[in-house]
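Reading through the structure tokens given below for one structure.
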Amino acid sequence: MSVSADLPVYTLQALQDQELISDPLYRYGEEALHWTTDVDWNFTKEFQLPYQMLAHQHVHLLCEGLDTVADILVNGKLAASTKNAFRLHRVPIKHLLQQGPNTVLIVIRSATQYAAQKEDSYPYELGRAFPTRYNFIRKPGSDFGWDWGPGFAAAGIYGSVELHAFDAAYLTGATATSEQICEVQVRVPLGVDRWWPAGYGPQPLFTFLLTYTPDDGPPSSLRRRVGFRTLELVREPLRNSTPGESFYFAVNDVPIYAKGANVIPMDIFHSRRSQRPFLAGMIADARAANMNMLRLWGGGLPYFSDLFYDLCDEAGILIWQEATFACALYPRDGAFLDEVEKEVQYQARRISHHACLAVWGGNNEVEQIVEGWGQQKNPRLYAVDYARLFIDTVRPAIQQAAPQTPFVDTSPNSGILSSDPYVKTWLPTSDHTRGDMHFYDYTNNCLDLTKLPRGKFMSEYGVLSYPSFVLLAQQTSAEDWSYDSPMSEFRMRHPGGNQQLLDQLKMHFHVPPPAARYNDSTEVAEAFQAFIYLSQVQQAMCYESSIAYWRRIKSDPDASTMGVLYWQLNDVWAGPSWSSTNQDVDGSHWKPLHYAARRFYADFLVSGMYADGNVDVWVTSDLGTRLTGTVDIVAVPWAMTSSHDSVQPHVTTQTFTLGAYGSQRIATHPLDSLLPEMKDSHMAAQPRISLARIFQRSSMEVTLHLACDQVAVQIYLDAWPLKGRFSDNLFSCLPGRDVRLSFVCSEGDQDCSMFVLRRLLIVRSLGGTLAAGAD
Ligand code: BMA
């Protein structure tokens, strides 16, 4: 079987495009296509050699994104063998070329077979969090499957394959043709406009052109855009001799509160969604949610294209850049370390000039494996392995190219005793008094703030939810639509995830019974959609409650929390995960969490918490100016209606003055005082939410007025497949007080008329689903 395809491409993508297979993500496609991982694939290109090419001194074949283990043959002769998807392979082939027709054949070997051979021949066991052997091959680990996505371990080329003919040395940026490295120092005038992360200032960028003229050849030039700023990772003792040390980024000497998320691969096939609209779309999603930092997580393909970093420079999105290691111990034989060194050098040279680059991370959760699994087996062996790879190989390779960029050897980490020599503390990675933390709690009530660690920097935190039904329905069929269906079990990749999710939901809501309890398929589909909606509302409530808490305690000496990057921003299929955006055909589709993120990451945040009969109200600011103002604390009785004699909300107004970048509690009210006579008012049945008004504001924007006859909360609107964003979502509506919002269509060829919106509009609210007594 052979098909033709343009690069970049992956095998299954090419077969799907030629309709030789159906969507690999549909139902059990992953199982049906398992055979494709155990075979080799040939990528062949026949071409006429451009005239005069052989007149040049050198002809190189440049292969970018060759995934992964491959033999490159030119006219049937082996030119090179590669085994690293993260390197640019430069292969001299002049000696194999001929005038006229030529053939390049790239045989990509089965990644699973290769990894198995490597593991079987490795002298001792290497622990990992997932069953697949992803730690024995330099390929994105999550390609083999992860706890949020399927594993196709597909073969492909996510970059380009090009012929380069030249005589003299020329500038290449990251890799010099003959490995000569030249360093260029640029004197920057003192008052140069500084680059700032989003929310802290503008992002002025300067283009410089570097030209190199060798004695024996034509000049070559390199264009780079840079932003000037200072950036530090501040790890210093805390005030009031509080045990521990700080962990925050300071840009131009201003402490930054990092607000963002973790990024997983854009797609199961790395050739897809690497184009500008997708990358710009994801960064726009981050900016729309008031984020200023993204962590490019080390378990997938964290090395994005140059364009991605350019877009982050422009948007003021700081990058926590991780090297490609996660949740496993890795080999340390010479060949492996050599591959890693070359890979990390290449990537560090390629991206380290970007203003957005805040920190380089050596790996994701590898120390946790040393700490856990390694500790049981042979702690010294695995600690030495760890140091050989991350301290003696990865770190120097990065520091050589990016000496100015802070480095952390792992995440979560508990700090270092010294940076030169670089000596780890090896303290427990769960130590909240120093470094960054990863926090997941699948048993306790996610709204119980007493269960949250007061970490210095929460670089991972997450709660599961289901993908939006409108997208899940594209990849499943009606018989799958129940949370206890075999398909829901198949798609839930977090062990025990469905039960954990159900248990958490039961703490907060009435959960609709599973499919078996219904008579007809409509009821089954409706119940499943209600379950999905509840899982998404719960996720948004948990993140809003926890992240507002971690923002509040930034000024608390023994907490000094200075960042939250929640798990995870994006998705690779319609499956249960921690994401805030679903993957949709031509971009992303926001889950309720992403609309909530826009609120809980706002530069100025008013938040409340209930504890011991009291309601505390806080104001928190990431703005560099002093703020004064008032906050209305509105207590709304569930029984409120639109009738004139209905009980009304109780408003308490609180004034405040808040210093720059401050966070403080401005009021504490006993709950009884906030709603004296309303304590035992209960929500009536499902509130009726109606479209009071709708009109076309412009060709791309529709305005809606929603009205409700009862108090309605967690109202979620969806208009899929119409592409666009609501100006707000997951909000409350009070009877007699219409909610006005708009829907702005995304660019592109779609009918954005109010009639289409009205027809597609789905409105959900909590209504009768609240657990009895849960006021
Ligand atoms: C952390 C991450 C990922 C994982 C996530 C959710 O371990 O680093 O490996 O997907 O938690 O379990």
Side-chain angles (χ1 to χ4, degrees), residues 127-135 139-151 260-268 293-302 320-330 359 361-374 390 408-414 428-430 435-444 446 453 455 457-467 491-501 504 535 539 542-543 546 563-573 575-581 583 591 593:
R128 52 180 174 250
F130 294 91
T132 54
R133 297 181 171 102
Y134 65 90
N135 51 337
K139 179 180 175 54
S142 56
D143 285 5
F144 294 79
W146 214 259
D147 59 2
W148 36 259
N262 286 269
V263 172
I264 64 169
M266 297 292 283
D267 195 279
I268 48 169
M293 183 178 255
L294 293 175
R295 174 167 172 252
L296 306 182
W297 169 77
L301 179 54
W320 179 312
Q321 175 70 52
E322 223 150 55
T324 41
F325 302 92
C327 309
L329 298 171
Y330 288 80
V359 61
N363 66 69
N364 173 72
E365 296 181 356
V366 174
E367 184 179 348
Q368 283 188 333
I369 304 286
V370 174
E371 202 176 38
W373 185 91
F390 296 109
V408 289
D409 58 275
T410 186
S411 178
N413 82 87
S414 295
T429 56
S430 58
D436 64 324
M437 282 195 87
H438 291 186
F439 180 69
Y440 296 89
D441 179 350
Y442 296 103
T443 41
N444 295 302
C446 72
F457 195 102
M458 308 306 295
S459 49
E460 283 194 24
Y461 159 75
V463 171
L464 282 162
S465 75
Y466 262 61
R491 281 186 176 243
M492 173 58 84
R493 298 301 160 97
H494 173 69
N498 278 322
Q499 192 53 50
Q500 290 165 351
L501 186 55
Q504 186 74 218
S535 80
Q539 184 193 33
C542 301
Y543 284 54
S546 308
V564 182
L565 307 176
Y566 66 65
W567 188 266
Q568 67 206 66
L569 178 61
N570 56 323
D571 248 336
V572 292
W573 74 336
S577 80
W578 298 260
S579 71
S580 66
T581 62
Q583 189 191 66
K591 286 181 175 178
L593 169 59

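Whatever order the structure lists ligands and atoms in, that order sets their numbers, starting from 1. Please read these numbers as outputs of a predicted model, since none were measured by experiment.
Distance from atom 7 (O) of ligand 1 to its nearest protein heavy atom, with residue and atom name: Glu365 OE1, 2.7 Å. Ranking the protein heavy atoms by distance from atom 1 (C) of ligand 1 puts Glu460 OE1, 2.9 Å first. In this structure, atom 9 (O) of ligand 1 lies nearest to the protein heavy atom Trp146 NE1, 2.9 Å. The protein atom (non-hydrogen) at minimum distance from atom 12 (O) of ligand 1 is Asp147 OD2, 2.6 Å.
Under the 3.5 Å distance criterion, with hydrogens and angles disregarded, no donor-acceptor pair is assigned to the side chains of Gln368 and His438. Using a 3.5 Å distance cut-off with no hydrogens or angles, the side chains of Thr429 and Glu367 do not pair a donor with an acceptor. A donor-acceptor pair shorter than 3.5 Å can be found between the side chains of Asn413 and Asp436.
In Ala326, neither the side chain nor the backbone holds a heavy atom less than 4.0 Å from any atom of ligand 1.
Within the structure, the closest approach of Cys327 to ligand 1 falls below 4.0 Å when heavy atoms are considered.
In summary, the aromatic rings of Trp297 and Trp148 are positioned with their centroids under 6.0 Å apart.
Of the polar atoms of His494, none of the N or O atoms is found under 3.5 Å from an N or O of ligand 1, judged by distance alone. Note: no N/O pair closer than 3.5 Å links His438 and ligand 1 by distance alone. Residue Trp297 has at least one nitrogen or oxygen atom sitting less than 3.5 Å from a nitrogen or oxygen atom of ligand 1, judged on distance alone.
For ligand 1, the atoms lying closer than 4.0 Å to a non-hydrogen atom of Trp578 are 6 (C), 12 (O). Within ligand 1, counting atoms from 1 as listed, the ones closer than 4.0 Å to a heavy atom of Tyr440 are 1 (C), 5 (C), 11 (O). For ligand 1, the atoms lying closer than 4.0 Å to a non-hydrogen atom of Trp148 are 10 (O).
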Determine, step by step, whether Tyr442 and Gln504 satisfy the side chain to side chain donor-acceptor pair (under 3.5 Å) criterion, reporting the C-alpha distance in whole Å, the side-chain angles of both residues, the deciding distance to 0.1 Å, and the verdict. CA-CA 8 Å; Tyr442 296 103; Gln504 186 74 218; over 6 Å; no

Please assess Trp373 against Leu329 for the test side-chain contact (heavy atoms from CB on, under 4.5 Å), listing each intermediate value before the final yes or no. CA-CA 10 Å; Trp373 185 91; Leu329 298 171; 3.5 Å; yes

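The heavy-atom pair separating Thr410 from Glu365 by the smallest distance is OG1-N, 3.9 Å. For Leu464 against Gln539, the heavy-atom pair with the smallest separation is O-CB, 4.2 Å.
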